[in-house]
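One structure is given here, and the rest of the page talks about it.
What you are looking at is a predicted structure, and each value in this text was computed from that prediction instead of being measured. First the proteins, then the strands, lettered A, B, ... as listed; each starts at 1.
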Amino acid sequence: MGNAQAISHTNVEISSKVPMDELVALCKRRGFIFPASEIYGGINGFWDFGPLGVLLKNNLRDRWWRDMVITPPIGPDGEPLQIVGVDTAIIQNPKTWEASGHIAGFSDPMVDCKETKLRYRADHVMVLLPHTSKMPPAPKVPSVAFVEGTPLQDIEKHIKKIAKKLGISISLKDFIGHQYREIEGSELNIAVHHDKLPLTQINKDKYTEIVAPDADVPGTLTEPRAFNLMFETQVGAVRDDSSKAYLRPETAQGIFLNYKNVVDNMRVRVPFGIAQVGKAFRNEVTPRNFIYRSREFEQMEMEWFCHPDEAKKWFEFWTEMRKSWWADVGVSSSNLQLRQHDKDELSHYAKAGVGTVDIEYRFPFTAPGFGELEGIAHRCDFDLTQHEKHSTKKMEYFDDSVQPPRRFLPHVIEPAAGLTRGVLAVLAEAYTVDASRPSQMYMKFKPSMAPVKAAILPLINKDGLPEIAQKLYYCMRTKFMTEYDAKSNIGKRYARHDEIGTPFCITVDTETPKDQAVTIRFRDTMAQERVALDRVEAFVAKALAE
RNA sequence: GCGGGUGUAGCUCAGUGGUAGAGUGUCAGCUUCCCAAGCUGAAUGUCGCGGGUUCAAAUCCCGUCGCCCGCUCCA
């Protein structure tokens, strides 16, 4: 992530930083998000959405579904795009994950260093073997490990440190073959250097001769241990290898599995999209940062199938479209950036394509940096090719709309957004400090995203006010998520609705029986406006449409 | 997996060997009120869990578990 290049980055002053622990506390106190199974002490990496959280999440999800499937965007040629939805099983035939590459690629071997307590991904650790001419008969020269990408100067320093510690005379050139002594640039190149080996290719009984990347003495690395990031389960009552199945680590494969069904039955023509919202599961090594990295999370993914020659055009189209969508749901563009993936960072399916770009948000815990919110990847024809190979079912598309007609395997542009992360971004974005209020803060949701749109509040709980307020409530609740609240004094009720981000508090006061009007109190300004009872619904509807 | 922190009322926390506390919130009633007003009353705890020391443990010791932070990882 570090050396990647931001291709669009509006640098603004970081607005008063959202205190993450207070946001988490608010989410619990006001019923947005609870730790999962909390009465049993919780379970790391899982969260439950409370009454307000599910409203917020559904608002975001429904908006995505509407903008993708119900009214997809107008395409570059002025015609509406064609996107259909699916909702596929979380558990699929396990061959799915062999074909997708997840079984092979989703488990990373890790090694620990007993001296420094650091942990490394084994396939990222490179080992410099001593140059053979220096070896016999003595002294004993260890192998030197480093993390791939470490600058040459740092490796040199490390070797000097080891030499001092072990009391031997060695330098970098003792590890480098004759023909490569003159190195261009600052990094060793594995492709041309035979003395550098990945740790994974070195026999485990040789580990005693290796000095770990940050260690002083050899022999401190443990054996690599596999971390499988896919959750396993069994299908059927009998537990054996043949019943093993997996919880999906991404929703995308459910779409690829149904690509043929959709093409054959739904009268769609390339280019078209298939969209899906659903849960996905990854056994993360370290769930962190509230709901940002959890083990069970929700994705909103759309696979856009197009002709290979048009992949670049559509990649750019969807990148722009998706970035502006986040701004539309209230995520400030000054906290968004696009980040192009480096070549060595690309996923296995995207290596050959036009690339991958992340839409990143400045989360409170990443600030001033950014964290991924959505990824737009050119998956090429990787997935369809793989499923064609593993299932032996033809996935080719026959296009007779051009002359001469052609057969091809469509390429895929995938905008894959995190719904759970989106909720967090919307929450963080909404959290607004305001010392002048009793609540000290308020949630500045865009009205269309707010869990509760309007609160109907009789100023006092008698003198005919509740009757008028309830009548209004019964009308409003059929149109919007509305709350009726007659308890405690008006200030406390305003304060609570500031905390849950209700944009409009509608108060029935002692004047109402006389003038048939109420006051609408605006969350963001605390200003009040007198509105006739029969105009309240239209007033709120208009505000929500913006 | 390693290192650090932490665990007492819904929430924030006090309580270092001697009867389990405060503030706040919640609920009920009064007050009738436009920004957490006031008054009265009520409910809420195996002090994370298990063991040990002691006449006596929230408190000391041992173990264990959960959560948080850092590192590794993060399609």
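Going from the C1' atom of B/rG38 to that of B/rA20 covers 30 Å, rounded to whole Å. B/rC35 sits 29 Å from B/rA43 when the C1' atoms are compared, rounded to a whole Å. B/rG23 and B/rU19 have their C1' atoms separated by 22 Å, with the value rounded to a whole Å. Remark: the separation of the P atoms in B/rG15 and B/rA22 is 15 Å, to the nearest Å. Here, B/rC11 and B/rC68 have their P atoms 15 Å apart, quoted to the whole Å. The P atoms of B/rA42 and B/rC47 are separated by 24 Å, rounded to the nearest whole Å. Atom C1' of B/rC30 sits at a distance of 14 Å from the matching atom of B/rA37, rounded to the whole Å. One C1' atom belongs to B/rU54, the other to B/rC67, and the distance between them is 32 Å to the nearest Å.
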Nucleic acid footprint by protein, nucleotides 22-35 of chain B - heavy-atom cut-off 4.0 Å, B for base, S for sugar-phosphate alone: -----S----BBBB

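Pairing of B/rG70, defined by two Watson-Crick or G-U wobble distances under 3.5 Å, is identified with B/rC2. Base pairing analysis places B/rA28 opposite B/rU40; the two distances defining the Watson-Crick or G-U wobble pair are each below 3.5 Å. When Watson-Crick and G-U wobble pairs are counted only if both distances are under 3.5 Å, B/rG7 pairs with B/rC65. B/rG45 is unpaired under the Watson-Crick or G-U wobble criterion, no partner having all donor-acceptor distances under 3.5 Å. The pairing partner recorded for B/rA22 is B/rU12, the criterion being a Watson-Crick or G-U wobble arrangement whose two distances lie under 3.5 angstrom. Of all nucleotides present, only B/rG52 satisfies the Watson-Crick or G-U wobble test against B/rC60, with each distance under 3.5 Å.
For A/R282 (side chain) and A/R295 (main-chain N/O), no donor-acceptor pair under 3.5 Å exists by modelled atom type. Of the possible polar contacts, one joining the A/D485 side chain to the A/K487 backbone as a donor-acceptor pair under 3.5 Å is found.
Summarising the geometry, the separation between CD on A/E372 and C1' on B/rA75 is reported as 9 Å, rounded to the nearest angstrom. What separates CZ of A/F256 from P of B/rA75 is a distance of 17 Å, to the nearest Å. Atom-to-atom, CZ of A/F290 to P of B/rC69 comes out at 11 Å; the value is rounded to the nearest Å. Distance A/L26 CG to B/rU12 P: 12 Å, rounded to the nearest Å. The CD1-C1' distance, from A/I500 to B/rA36, rounds to 15 Å in whole Å. Atom CD1 of A/I43 is separated from atom P of B/rG48 by 22 Å (rounded to the nearest Å). As rounded to whole Å, 12 Å separates atom C1' of B/rC69 from atom CG of A/N44. Distance CD1 (A/I413) to P (B/rA75): 19 Å, rounded to an integer number of Å.
A donor-acceptor pair shorter than 3.5 Å can be found between the side chains of A/E22 and A/Y431. Between A/E301 and A/Q276, the side chains place no donor N or O within less than 3.5 Å of an acceptor N or O (distance only, hydrogens not considered). For the 3.5 Å distance criterion, the side chains of A/H341 and A/T356 fail to qualify, holding no donor opposite an acceptor.
With sequence neighbours excluded, the residues satisfying side chain to side chain contact (heavy atoms under 4.5 Å, CB included) with A/D509 are A/L459, A/E511, A/T512, A/T519, A/R530.
The aromatic rings of A/F281 and A/F231 stand perpendicular to each other, their planes meeting at an angle above 60°, with 30° marking the opposite boundary. Taking the six-membered ring where the residue is Trp, A/F522 and A/F539 present tilted rings, their angle falling between 30° and 60°.
Projected onto RNA chain B by closest heavy-atom contact, A/A25 and A/E250 fall at different nucleotides, the more 5' of which corresponds to A/A25.
Note on A/E499: a base of the nucleic acid sits closer than 4.0 angstrom, heavy atoms only. A/R288 comes within 4.0 angstrom of a base, heavy atoms only. A/L457 comes within 4.0 angstrom of no nucleic acid atom, judged by non-hydrogen atoms across all strands.
Shown are A/I255, A/I83, A/T88; of these, the side chain to side chain contact (heavy atoms under 4.5 Å, CB included) with A/I274 is made only by A/I255.
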